[in-house]
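The structure appears below as structure tokens.
Within every chain, numbering begins at 1; the chains are lettered A, B, ... in the order of the sequence lines, protein sequences first and strands thereafter.
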Amino acid sequence: MARPYEPHSFEEKWQSVWDAEGLYSVTEDPGKPKKYVLEMFPYPSGDIHMGHVRNYSIGDVIARFSVMRGYSVLHPIGWDAFGLPAENAAIKSCTHPAKWTYANIETQAASFRRMGFSYDPERMVRSCDVEYYRWGQWIFLKFWERGFVERKKSPVNWCPSCKTVLANEQVIGDGVCWRCKTPVEKRELEQWFFKITEYAQELLDDLDTLAGWPERVKTMQANWIGRSEGAEVDFEVCDAGGEPSGETITVFTTRPDTLFGCSFFLLAPEHPLVSALVSGTAHESDVQAVVKAAARETAVERASGEAEKLGAFTGRFVVNPVNRQKVPIWVSNYVLMEYGTGAVMAVPSGDQRDFEFARKYGLPIPPVIVAEDDSLHEKLSGTRERVMDDVPWAQAYDGYGTMVQSGQFTGMRGGKASEGMKAVTEWLESRGQGRFSINFRLRDWLISRQRYWGNPIPAIHCPVCGLVPVPEDRLPVVLPMDVDITRGETLADHPEFYETTCPRCGGPARRETDTMDTFTCSSWYYFRYCDARNDAQAFSRARADYWMPVDQYIGGIEHAILHLLYSRFFTKVFADMGLAAAREPFTNLLTQGMVKKDGETMSKSKGNVVAPEDMVAKYGADALRAFILFMAPPDKDLDWNQDGLEGMSRFLGRLWRYVSDVAEASDPGPLDSAAICDTAGKALLRERHRVTGKVTDDIEAFGFNTAISAMMELLNAAGDYRRDAPAGSRSAALERDVAETLVLLVAPFAPHMAEELWREVLGHPGSVHREPWPASDPALAAADEVEIAVQVNGKVRAKLTIAADASEDAIREAALGLPKVLEHLEGLTVRKVVVVPGKLVSVVATA
RNA sequence: GCCCGGGUGGCGGAAUUGGCAGACGCGUCGGUCUCAAAAACCGAUGGCCGAAAGGUCGUGCGGGUUCGAUUCCCGCCCCGGGCACCA
């Protein structure tokens, strides 16, 4: 009597065997094509959740499938182990972040192992290990050497809850911290930056090369980089007496074609010139009021665009270079110091914000671009001088149209990237008062953090020499373990750490006490995996060039900008440093959807967490893995439902029983397909080849749910054959072939059961996971007879069974001869017959 | 406001160079087995009308193209996500 399907009797056994056999250890193999399959490495939060199960199950199927398809597969795992939660947990439970982190890694790794994921154990990295982070420091120094590191004072985002600054990318939604969702504050601080803006253009351009990325991720990155084409225009400032002073303020504009419509000029409240312009004048108090009001606005208000537009006149003027007209300088809160130059030429007829501001403060709104169908078009067409100072419009017009009241440019076509835009810019350029310019929204990456549990920035502040890098041969700067985090201490509270001497002059100096953003650790870990135990280099070029780029990257959409943009930047700098050839890190990207419960994200606070461990305890890892992939396509959100898991367990049990039953007969030897002549046998043989082909195609297209459906169909067909075909006529060789095929197909999804069946039940000596993927013969997959639907006037009236290779004429004739069809054609004349071979016949008839 | 993604049975979902809507699974109902239950197996299962044969409606809504539309086009509605005073 065959054993029942009891996953707990063998799942952990095989995990040990696989480890002992070194099944997942991989080295560079020039004889095979390589494939680098990578899931985003996890933060060791302690317990695994369904999102992990889903993410890593997807990767594991792709990795195992790729091995069976003959690739040399790199499939590593590691831990993104620095970060704030460890500090918070340490404070809460009076322990050390390191202790908490390493303990979590241990439990989480055990859970991953219990899921049966196929990771190369020799490549595991932990970003909080000095063997790893020392190379992060080395990279920092190399970036510094090449001019990509900068320490500067600027308005930065401060999270009051995390008590540290954040990069722009880490402020999400309505101006809240990406990690704790607290509204961030602006502070003027001196901080460390990576000059990611130097790569803005390439980061944007190369999105076009990423054919294997979801369109929306590329769109989000493109929007984030925010390239604008336009011009810089120099405006001469008038002195207090209203006479041109020779000094200029430059603005960036995407619409130089509207320059003749500039009726006022704006400065951001934080603009350094503001106080100089108004100090001691009658306008000072009004302007200061606006500046103070702007400073009080929270990031949330300002970012949402809901803050009311406030402004005050400075009493001063600039000269519009195209018409020498004097326009008043105002200060307003809707001008951002961070974008462009912090100064704006306001064209209220062409920009909605300027329009609203002009209406509020009674400033002129001279039209300069009018649409052909606008009532003003006829009135102003060809008018060079300004004759009209207001518009009968309810809002600004920013579309294309004819330039009016625009001097020698009048009559040209205006609008974005228009003829007029080019002509005005060229004219300015010829006079040295402007130039074509490109502006990016992307800011430099702020990488310093005022936190303890991170990678120390290898820099020294010397009162004599200034900022001095820690010399390469003195790396690593080791993170001291005796900082008392339970009292909220950071490195800045630890003189033993920061008191040092200057490497350049030898005098007393202070070591930098900020640590690096954890996103710096995750920006290059996939390079380290290629050569994880190298203690002389971050990684060797040869190994990196063998494995990189990652062929398939899998992770959450929440990193659409953050981690994925930073990693692309690192990879480009590495390439320019000659460290590796790849200019893009991830060739194909799969962003998996969230796992929810009753439409909500699972969280402890909502009390709706379904623990994967409980599911494994009840149904085994195989059922859980297969089920979470069966529930929905990987990129879609899914709602957890335990009943379905039970169903998956049933399917695996049926498969187990089928293979066990078939294996009871002695091995009949290889199948001769040509020997299968009976209808039932041929049908099963066809199904075996059809399904094999479909599972192969589906896995390649990430259609894991339909791949599993197809296996179910094959098992159903095999069961029907076993049940319905007369005992004497059944082919043992066919059944054996179908059983083995099913085991091979299911191996990436349910690796333990497949292994138990393969080795113990079917009696093969080696691992199923080293077997070649089963082949599908399209000739055998094709049916020799097909059923065709016959429609009369658009409605299916009959079915026709006919040879698959029947000619169109034969199909037409057979269809028109069917009794049902004749019945529906009675009294009608056939006007047209459409034949789609293999699909249907459509008869059109009228009275 | 702008940009993506989505809307298909009781549920998850399947089907797209336009060709039989609802594969596969869950659930439900009925049956076999059992003293009984569980497990397992078999069968039915979009709505409406009908005893049945069959008919008819049906892929968010309204139009259009076509022999034929879940699929293509036009105009909307709803849900989810991203961006948002970016000059």
Syn/anti state for B/rG31 [syn: chi within 90° of 0]: anti

Judged by each residue's nearest nucleotide on RNA chain B, which is more toward the 5′ side, A/Lys832 or A/Asp351? A/Lys832

Quick check on RNA chain B: between A/Arg650 and A/Lys795, whose nearest nucleotide comes earlier from the 5' end? A/Arg650

Find the distance [X]:[atom1] to [N]:[atom2] and express it as a whole number of Å.
| X | N | atom1 | atom2 | result |
| --- | --- | --- | --- | --- |
| A/Asp724 | B/rC41 | CG | P | 14 Å |
| A/Ile561 | B/rA84 | CD1 | C1' | 13 Å |
| A/Glu646 | B/rC26 | CD | P | 10 Å |
| A/Tyr619 | B/rC26 | OH | C1' | 12 Å |
| A/Asn223 | B/rG1 | CG | P | 18 Å |
| A/Leu714 | B/rA23 | CG | P | 18 Å |
| A/Leu645 | B/rC26 | CG | C1' | 12 Å |
| A/Tyr334 | B/rC85 | OH | P | 13 Å |

Please determine whether the number of non-hydrogen atoms from other residues, nucleotides or ligands lying under 6.0 Å from atom NZ of A/Lys839 exceeds 12. no

Which part of the nucleic acid, if any, lies within reach of [X] when heavy atoms closer than 4.0 Å are counted: base, sugar-phosphate only, or nothing?
| X | answer |
| --- | --- |
| A/Asn716 | sugar-phosphate |
| A/Glu356 | nothing |
| A/Gly647 | sugar-phosphate |
| A/Arg654 | sugar-phosphate |
| A/Glu215 | nothing |
| A/Arg216 | sugar-phosphate |
| A/Asp643 | sugar-phosphate |

Can we call the ring centroids of A/Trp445 and A/Tyr566 under 6.0 Å apart? yes

Can you check the distance between [N] and [M], where both ends of the measurement are the [atom1] atom (answer in whole Å)?
| N | M | atom1 | result |
| --- | --- | --- | --- |
| B/rA87 | B/rC4 | C1' | 25 Å |
| B/rG9 | B/rA14 | P | 14 Å |
| B/rG25 | B/rU45 | C1' | 14 Å |
| B/rC33 | B/rC42 | C1' | 11 Å |
| B/rG13 | B/rC72 | C1' | 24 Å |
| B/rC11 | B/rU28 | P | 15 Å |
| B/rC83 | B/rU66 | P | 44 Å |
| B/rA37 | B/rC20 | P | 44 Å |

With no hydrogens and no angle check, do the side chains of A/Ser228 and A/Asn439 hold a donor and an acceptor under 3.5 Å apart? no

For the side chain of [X], starting at C-beta, report the closest nucleotide among [options].
| X | options | answer |
| --- | --- | --- |
| A/Glu713 | B/rC24, B/rC20, B/rG19 | B/rC24 |
| A/Asn333 | B/rC85, B/rA87, B/rC83 | B/rC85 |
| A/Val844 | B/rC67, B/rU56, B/rA87 | B/rC67 |
| A/Ala789 | B/rC67, B/rC20, B/rC86 | B/rC20 |
| A/Leu840 | B/rC85, B/rG19, B/rC83 | B/rG19 |
| A/Ser228 | B/rA87, B/rG19, B/rG82 | B/rA87 |

Phosphate-side-chain proximity, A/Arg797 and B/rG54, N/O vs OP1/OP2 below 4.0 Å: no

Examine B/rA40: is either OP1 or OP2 under 4.0 Å from a nitrogen or oxygen in the side chain of A/Arg723? Give yes or no. no

Using a 6.0 Å distance limit plus a 45 degree cone around the ring axis, check whether A/Lys309 lies over the aromatic ring of A/Phe357. no

Looking at [Y] and [X], is there a salt bridge between them, counting it only when a charged N and a carboxylate O are closer than 4.0 Å?
| X | Y | result |
| --- | --- | --- |
| A/Arg443 | A/Glu169 | no |
| A/Lys360 | A/Glu308 | yes |
| A/Asp809 | A/Arg812 | yes |
| A/Asp234 | A/Arg435 | yes |
| A/Glu356 | A/Arg359 | no |

Output one line per pair: protein atom, nucleotide atom from nucleotides 10-15 of chain B, and distance, for all N/O pairs under 3.5 Å.
unit_1: B/rG12; atom_1: O2'; unit_2: A/Met631; atom_2: O; d: 2.6
unit_1: B/rG13; atom_1: O3'; unit_2: A/Asn705; atom_2: ND2; d: 3.4
unit_1: B/rA14; atom_1: OP1; unit_2: A/Asn705; atom_2: ND2; d: 3.1

Can you spot which of A/Val796, A/Val841, A/Val844, A/Val821 makes a side chain to side chain contact (heavy atoms under 4.5 Å, CB included) with A/Gln791? A/Val796

What residue pairs, at least two apart or across chains, pass side-chain hydrogen bond (donor to acceptor under 3.5 Å, both in side chains) with a residue in residues 631-652 of chain A? A/Tyr619-A/Glu646

How many angstroms lie between CG in A/Leu363 and CG in A/Asp354, if you round to the nearest 0.5 Å? 10.0 Å

Can you find an N or O donor on one side and an acceptor on the other, under 3.5 Å apart, linking the side chain of A/Lys309 with the base of B/rC85? yes

Apply side-chain hydrogen bond (donor to acceptor under 3.5 Å, both in side chains) to residues A/Arg688 and A/Thr741 and explain how you reach the verdict. CA-CA 8 Å; A/Arg688 177 251 183 257; A/Thr741 301; 3.3 Å; yes

What pattern of brackets, bars and dots sums up RNA chain B from 5' to 3', given Watson-Crick or G-U wobble pairs under 3.5 Å, [ ] for crossing pairs and | for another strand? (((((((..(((......[....)))((((((.......))))))((((....))))..(((((..]....))))))))))))....

